[in-house]
There are 2 protein chains.
Amino acid sequence: MAKPQDRQLVEQWRSMQTTYFQTAGALERALESKFNIGLTEFEILDLVAESADAACRMKQLGERTPMTQSAMSKVVDRLDKAGLISRQSCEDDRRSLYLELTDAGRALHRQAAVEHRALLRENLGTD
Amino acid sequence: MAKPQDRQLVEQWRSMQTTYFQTAGALERALESKFNIGLTEFEILDLVAESADAACRMKQLGERTPMTQSAMSKVVDRLDKAGLISRQSCEDDRRSLYLELTDAGRALHRQAAVEHRALLRENLGTD
DNA sequence: ACAACTTATATGACGCGTCATTGAATGACA
DNA sequence: TGTCATTCAATGACGCGTCATATAAGTTGT
């Protein structure tokens, strides 16, 4: 009992939790105060911005994040209502949705990304 | 723009998010289904179990986890109601609280810890 | 001993994520 | 082509965490 390997695992886990929450918290606060969006919102913007190509994305996006389908749906809904993203139905499969940044969304993302990267560097940076 | 260093930071962050959520999810589900407690509950039990010594703990515990004071208070409340922990007022400072595992709490923690460590190994293990 | 401040925990309102379910569209196959 | 199963997205109920605040106890300075 109280195997040293276990202790080490637990330490590793806690340390991960700590950096995770610290970083997420910093990102959350900065994005919220400067751009009025939450971290999850930004993360979706970021994913959509990355895939400049087309595709019935809603689904594929889900594969690139640990978010639930349900969560995705709600975040996208918020982004839509905020006018940052637009959902367009897919013609070859009318269950799916295309996601696209609006101009406002693209602009906001460009600015927010700078802040985001800076904070990542600050929190995860190996410098 | 699109600096490769930035990309690398983002990758690092996403990968961390993924392992964090996967691991937390696995822990959550296992603890919930086998012991009827959430991950946070277990984590508090774990912390209390570790500090076998005395102290006005509620506060000090807060320093060992990224949880909010408010969150702590509520988790402890749940654990108390579940009969796993007991809150006793501190005599030298009646604002503070001693936390102590009940027998049930200690027993549950002993079993749950095995599961917990196993899942950590499975998810974070470098083997 | 009295104000004004600080510290330890609790609580209420609120937002977000999760689970389970629904609705709609598609696929598979006789 | 009609049925049954499957897949994509949306929704409502619910739980937990957060922020702002409340309450109570301790501290400090005069």
Side-chain angles (χ1 to χ4, degrees), chain A residues 17-18 20-22 24-33 36-44 48 55-82 85-100, chain B residues 17-18 20-22 24-33 36-44 47-48 54-82 85-100:
Chain A
Q17 280 188 115
T18 304
Y20 180 75
F21 282 122
Q22 270 179 6
L27 289 169
E28 186 81 49
R29 282 186 293 276
L31 295 171
E32 195 71 56
S33 74
N36 265 295
I37 58 171
L39 175 53
T40 356
E41 275 85 351
F42 173 80
E43 281 169 343
I44 295 297
V48 176
C56 300
R57 301 225 214 81
M58 190 79 182
K59 183 66 197 318
Q60 281 114 320
L61 246 54
E63 293 161 9
R64 305 220 271 142
T65 152
M67 259 188 265
T68 299
Q69 176 270 317
S70 175
M72 276 270 314
S73 175
K74 298 190 183 188
V75 179
V76 168
D77 198 54
R78 273 176 259 147
L79 286 169
D80 190 348
K81 278 173 184 145
I85 225 177
S86 79
R87 281 179 282 201
Q88 301 171 23
S89 72
C90 218
E91 282 141 42
D92 52 310
D93 183 344
R94 281 179 322 224
R95 291 167 304 180
S96 296
L97 291 180
Y98 279 111
L99 298 186
E100 237 177 70
Chain B
Q17 280 187 113
T18 304
Y20 179 76
F21 282 122
Q22 270 179 7
L27 289 169
E28 186 81 48
R29 282 186 291 278
L31 294 171
E32 194 71 56
S33 73
N36 264 295
I37 57 171
L39 176 53
T40 355
E41 274 85 351
F42 174 80
E43 282 169 343
I44 295 298
L47 284 177
V48 175
C56 301
R57 302 226 213 81
M58 190 81 181
K59 185 66 198 319
Q60 282 115 317
L61 246 54
E63 293 160 9
R64 304 220 272 142
T65 151
M67 259 188 265
T68 299
Q69 177 270 316
S70 174
M72 275 271 313
S73 174
K74 298 190 183 189
V75 179
V76 167
D77 198 53
R78 274 175 259 146
L79 286 168
D80 189 347
K81 278 172 183 146
I85 226 178
S86 79
R87 282 180 281 202
Q88 301 170 25
S89 72
C90 217
E91 281 141 42
D92 51 312
D93 183 345
R94 280 179 323 224
R95 292 169 303 179
S96 296
L97 290 180
Y98 279 112
L99 297 187
E100 237 177 69

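Chain letters run A, B, ... following the sequence lines, proteins first, then strands; residues in each count from 1.
Note on R29(A): nothing from the nucleic acid sits closer than 4.0 angstrom, heavy atoms only. Using a 4.0 Å heavy-atom distance criterion, R78(B) is classed as a sugar-phosphate-only contact.
No side-chain heavy atom of I37(A) sits less than 4.5 Å from a side-chain heavy atom of E32(A). Proximity of M72(A) to I44(A): side-chain heavy atoms (C-beta onward) are separated by under 4.5 Å at one or more points. Contact check for R57(B) versus V48(B): side-chain heavy atoms found under the 4.5 Å cut-off. Contact check for M58(A) versus L99(A): side-chain heavy atoms found under the 4.5 Å cut-off.
Chain B approaches DNA chain D over the interval dC16(D) to dG26(D), counting the first and last nucleotide 5' to 3' with an atom under 4.0 Å from its heavy atoms.
Partners of R29(A) under the side-chain hydrogen bond (donor to acceptor under 3.5 Å, both in side chains) rule, at least two apart in sequence or in another chain, do not exist in this structure. With sequence neighbours excluded, the residues satisfying side-chain hydrogen bond (donor to acceptor under 3.5 Å, both in side chains) with Q88(B) are S86(B).
Side-chain N or O atoms of S33(A) include one that pairs as donor or acceptor with a backbone N or O of A30(A) at under 3.5 Å.
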Between the protein and nucleotides 24-26 of chain C, list the N/O to N/O atom pairs that are separated by less than 3.5 angstrom.
| from | atom 1 | to | atom 2 | distance (Å) |
| --- | --- | --- | --- | --- |
| dT26(C) | OP1 | R94(A) | N | 3.4 |

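Sorted by first and then second residue, the pairs that involve residues 69-80 of chain B and meet side-chain hydrogen bond (donor to acceptor under 3.5 Å, both in side chains), not counting sequence neighbours, are E41(B)-R78(B), D77(B)-K81(B), D77(B)-R87(B), D80(B)-R87(B).
Residues from residues 65-72 of chain A placing a heavy atom under 4.0 Å of any atom in DNA chain D, listed by number, are Q69(A), S70(A).
Where K74(A) and T40(B) each meet DNA chain D at their nearest nucleotide, the meeting point lying more 5' is that of K74(A).
Under the 30°/60° scheme for interplanar angles, the aromatic rings of Y20(A) and Y20(B) are found to lie parallel.
For the residue pair P66(A) and F21(B), the shortest heavy atom distance occurs at CG-CD1, 3.5 Å.
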